[in-house]
Amino acid sequence: MIYLYILFLSITFSFSSIMTIDSTQIRDSNKAFKWSLLPILSQGQMYNEKYLKSLAFIGAQSYSINRMLYYNQFTSEDDIINRNTYAWWFIGIYISSIIDSYIDAELSTFPRR
């Protein structure tokens, strides 16, 4: 039994790898959170160097604001409901952008395969 234990430990240590983290890839999650508080600009994603994701959030927020302002011109009940729906969509996308940039910064040191 002891030989099996020694064999197991030797195989485990021989195949283990030492993880090195590139210090230029480490992102500060608090800084990403503060940058992402700017609405519509999605600067938290830019800080994390996720440019395509940043453009997607900017486009979604711009579209929801555009539709919200469009339906704000009318006074019928359906248009007010649509305006409020797009306002809630804007808030949801904005909060998703903040959370996503914070999580991306926190996981910047996570090893990639």
Side-chain angles (χ1 to χ4, degrees):
M1 185 65 177
I2 190 121
Y3 295 115
L4 187 61
Y5 183 68
I6 291 172
L7 179 67
F8 176 74
L9 284 178
S10 63
I11 290 173
T12 303
F13 287 128
S14 65
F15 289 112
S16 66
S17 64
I18 299 172
M19 188 176 76
T20 59
I21 298 172
D22 186 10
S23 64
T24 61
Q25 297 297 321
I26 297 174
R27 301 283 177 226
D28 183 17
S29 57
N30 290 327
K31 195 172 193 180
F33 176 74
K34 289 175 186 173
W35 274 108
S36 64
L37 289 177
L38 298 170
I40 302 174
L41 298 177
S42 188
Q43 291 296 312
Q45 302 298 334
M46 293 287 205
Y47 173 74
N48 290 331
E49 298 177 356
K50 307 281 183 170
Y51 303 114
L52 188 61
K53 195 183 292 187
S54 175
L55 287 174
F57 278 119
I58 289 171
Q61 288 177 351
S62 299
Y63 178 76
S64 63
I65 283 181
N66 181 10
R67 295 285 86 198
M68 185 178 61
L69 292 175
Y70 173 75
Y71 286 116
N72 195 34
Q73 299 172 0
F74 306 111
T75 57
S76 74
E77 187 174 332
D78 290 335
D79 292 329
I80 292 172
I81 290 171
N82 286 334
R83 180 201 62 195
N84 293 344
T85 300
Y86 282 109
W88 281 110
W89 272 102
F90 173 77
I91 291 170
I93 294 167
Y94 175 61
I95 290 172
S96 297
S97 174
I98 292 171
I99 292 169
D100 187 63
S101 65
Y102 182 81
I103 290 173
D104 278 345
E106 280 289 321
L107 295 178
S108 66
T109 59
F110 196 74
R112 295 182 183 144
R113 292 185 183 198

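Note that the coordinates shown come from a computational prediction; the quantities given were computed from them, not determined experimentally.
Linking Ile, Leu, Val, Met, Phe, Trp and Tyr whenever their side-chain heavy atoms come within less than 4.5 Å leaves L55 and M46 in two separate clusters. Y47 is not connected to Y51 by any chain of hydrophobic side-chain contacts under 4.5 Å among Ile, Leu, Val, Met, Phe, Trp and Tyr, and they are in different clusters.
Ion pairing between K53 and D104 holds under the 4.0 Å rule for side-chain N and carboxylate O.
Contact between S101 and N48 at its shortest, heavy atoms only, is O-ND2, 2.8 Å. For the residue pair W89 and S64, the shortest heavy atom distance occurs at CB-CB, 4.5 Å. Taking both residues in full, the closest heavy atoms of Q45 and S54 are given as CB-CB, 3.5 Å, listed atom of the first, atom of the second, then distance.
Atom CG of N84 is separated from atom CG of N82 by 9.0 Å, given to the nearest 0.5 angstrom. Remark: L69 CG to Y86 OH distance equals 12.5 Å, nearest 0.5 Å. Taking CZ of F90 as the start and OG of S62 as the end, the distance is 8.5 Å to the nearest 0.5 Å. How far CG of D100 is from CZ of F57: 4.5 Å, rounded to the nearest 0.5 Å.
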Contacts table for residues 73-81: side-chain donor-acceptor under 3.5 angstrom, sequence neighbours left out:
unit_1: S76; atom_1: OG; unit_2: D79; atom_2: N; d: 3.4
unit_1: S76; atom_1: OG; unit_2: D79; atom_2: OD2; d: 2.9

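I91 has its side chain within reach of W88: a pair of non-hydrogen atoms, C-beta onward, lies under 4.5 Å apart.
Under the side chain to side chain donor-acceptor pair (under 3.5 Å) criterion, R67 pairs with no residue, sequence neighbours left out.
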